[in-house]
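Before any comments, here is the structure.
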Amino acid sequence: SDENKTCNRVELKTFSFLDSQEPNNKRVRSLAKVSSLVNLISPSKNGAVRRFGQTIQSVSLRGDKSPGMSLKASSKATGPTPTKRRNSTLWSETLDVHQKSTFSTKEIKRQEAIYELYRGEQDLIEDLQLARKAYHDPMLKLSIMTEEELTHIFGDLDAYIPLHEDLLVKLTEGTCPDGTVAQIGQIVTDWLPGLNAYKNYCSNQFAAKALLDQKKQDKRVQDFLQRCLESPFSRKLDLWSFLDIPRSRLVKYPLLLREILRHTPPDHPDVFSLEKAIAIIQEILSEINVRKGESECKYYIDKLEYLDEKQRDPLIDSCKTLLCHGELRNKSGSRLHVFLFSKLLVLTRQVTRNDRSCFQVYRQPIPVRDLALEDLQDGEIRMGGSFRGAFTTGEKAKNVFRVSSVNPAHGQSHTLHVNDVYHKQQWLNCLRTALAQHQGAPPVPQGEAIRSKRRSSTFSNAETDENCAPVSGPKLRPQTLSKTRLDQKLQGSLKGK
């Protein structure tokens, strides 16, 4: 009826008015309250947000009152944003059933290995681009770090992207219409020398990681990295995982090339080229390891602090290799950070000077040429020190060894305690290797190690303070010595009879 139509029109007008007047409950955040560009980052839809085969534990920030972290009581709690994952498509999955049946099983495995190399280059390029766009550029724009600090941490990542894009182009050009790569050996052989560009990047990694760890103490840096870690583009990887991806990729090249070679027929023309490529990448990795080791050695030498300039041994400047280092305890229970360089053993205490961590040299460094090593049996000595041991009975120690100087001018002997038997064995191996390299002899065999254990028992009871000069073992009395010689003569005369 006309009356009903009029009522309906009135109701529609009323509803439309109410809709226009209804307050909007959606939360709108002003740009002024955004404390980090990460709050503006939306889940990307490109390939750079796919999965990488690692998981890093996230660190939660307690008591964070920043606007980006707080939620109103009236708003509904939302679940965590799912982590973006990378596609793991196999080469065979790109073929139809009829096309797949035309290849042998061995050829399919060969093409799968080649395709894995190709996909790995794609993923690496995406990660390098992501490290630049999601981490480097925002931190520079927000002045979270200086440009000099970012350059030191990130290196020249942009320079490596064209290098890997070049390999992708060459592999694409070498792909046949059926999707196979007939010959890859020569392509890789010609391309591999370009990886020498990573020498500086890898040798600088140790110092870069140390600077990043130091900058993480800054609340702004900590907040930014935490927000990135919680964002889907990070795939639950922290910043250092992205920066370390190029190094881990370098290590994979020999494995990938060997896998391709394993599925290549012996009469295939790729065999010789692949073997040559493996030799090239192994040589590059060896040079990178040497450069990285020298960089780490120099880093720790620069952090040594001397209480007296007499402690600065001239040999320290000629050390190029750090064989091992770590925290050990001496006989009195004090923590020492011990460094075994190629030519010196240096005992230090880790201290902080002007917000800078350094290692204060504890005693005069012992040259490896003057070093004596004793492997002590479990329970052979008691830990606790001379002063403490006067009032309490020290506990019998396990996983202990002793280093001392045979040079009377040094007059040092240090009994060192390791946490477990595995790390003790690692220390003993490194020390024996250093001694063997200096003497030009093979490492001490196990039989000699056992004899050194027995010899060490002679000194264990006599030594009361590890900081004192090594005390010689108790000498045999003349009567005992003469009796021993008499017994030998009697035994000889009996044998003669």
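Sequence positions, counted from 1, serve as the residue numbers for this chain.
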* Begin with the C-alpha distance, continue with both residues' side-chain angles, and end with the deciding distance and a verdict on side chain to side chain contact (heavy atoms under 4.5 Å, CB included) for Ile284 and Leu250. => CA-CA 9 Å; Ile284 293 174; Leu250 291 176; over 6 Å; no

Output yes when [X] and [Y] qualify as a salt bridge under the 4.0 Å nitrogen-oxygen rule, no when they do not.
X	Y	value
Asp166	Lys170	yes
Arg227	Asp223	yes
Arg249	Glu121	yes

Which atom names give the shortest non-hydrogen contact between [X] and [Y], and what distance separates them?
X	Y	answer
Val188	Ala277	CG1-CB, 4.1 Å
Val361	Leu307	O-CD1, 4.5 Å
Glu275	Leu261	CG-CD2, 3.9 Å
Ser342	Cys319	OG-CA, 3.8 Å

* **Step-by-step side chain to side chain donor-acceptor pair (under 3.5 Å) determination, Glu126 to Gln122** => CA-CA 6 Å; Glu126 292 172 356; Gln122 285 183 323; over 6 Å; no

* Asked: Given the rule in the ring-ring contact (aromatic ring centres under 6.0 Å, His included) test, do Tyr300 and Phe341 qualify, once you have shown the distances and angles that lead to the verdict?
  -> CA-CA 10 Å; Tyr300 279 116; Phe341 296 100; 7.9 Å; no

* To do: Verify the ring-centre separation between Phe154 and Tyr135: is it less than 6.0 angstrom?
  =>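 No, they do not, as the ring centres are separated by 6.0 Å or more.
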
* Asked: Will you find, in the side chains of Arg132 and Gln129, an N or O donor that is under 3.5 Å from an N or O acceptor?
  ->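 The criterion, which ignores hydrogens and geometry beyond distance, is not satisfied for Gln129 and Arg132.
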
* Go through the side-chain N and O atoms of Gln222 and Gln226 and say whether any donor and acceptor fall under 3.5 Å apart. =>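 Gln222 vs Gln226: no donor-acceptor pair found between side chains.
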
* Assess whether side chain to side chain contact (heavy atoms under 4.5 Å, CB included) is satisfied between Trp191 and His164, documenting all intermediate values. => CA-CA 9 Å; Trp191 175 79; His164 297 282; 3.9 Å; yes

* Asked: Do the side chains of Leu239 and Leu212 get nearer than 4.5 Å, heavy atoms only?
  ->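 Leu212 reaches Leu239 side chain to side chain.
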
* **salt bridge (Lys or Arg N to Asp or Glu O under 4.0 Å) evaluation trace for Glu327 with Arg335** => CA-CA 7 Å; Glu327 187 177 278; Arg335 293 183 179 181; 3.8 Å; yes

* Residues, nucleotides or ligands: over 12 heavy atoms within 6.0 Å of Lys298 NZ ->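 Atom NZ in Lys298 is not crowded, with 12 or fewer foreign heavy atoms closer than 6.0 Å.
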
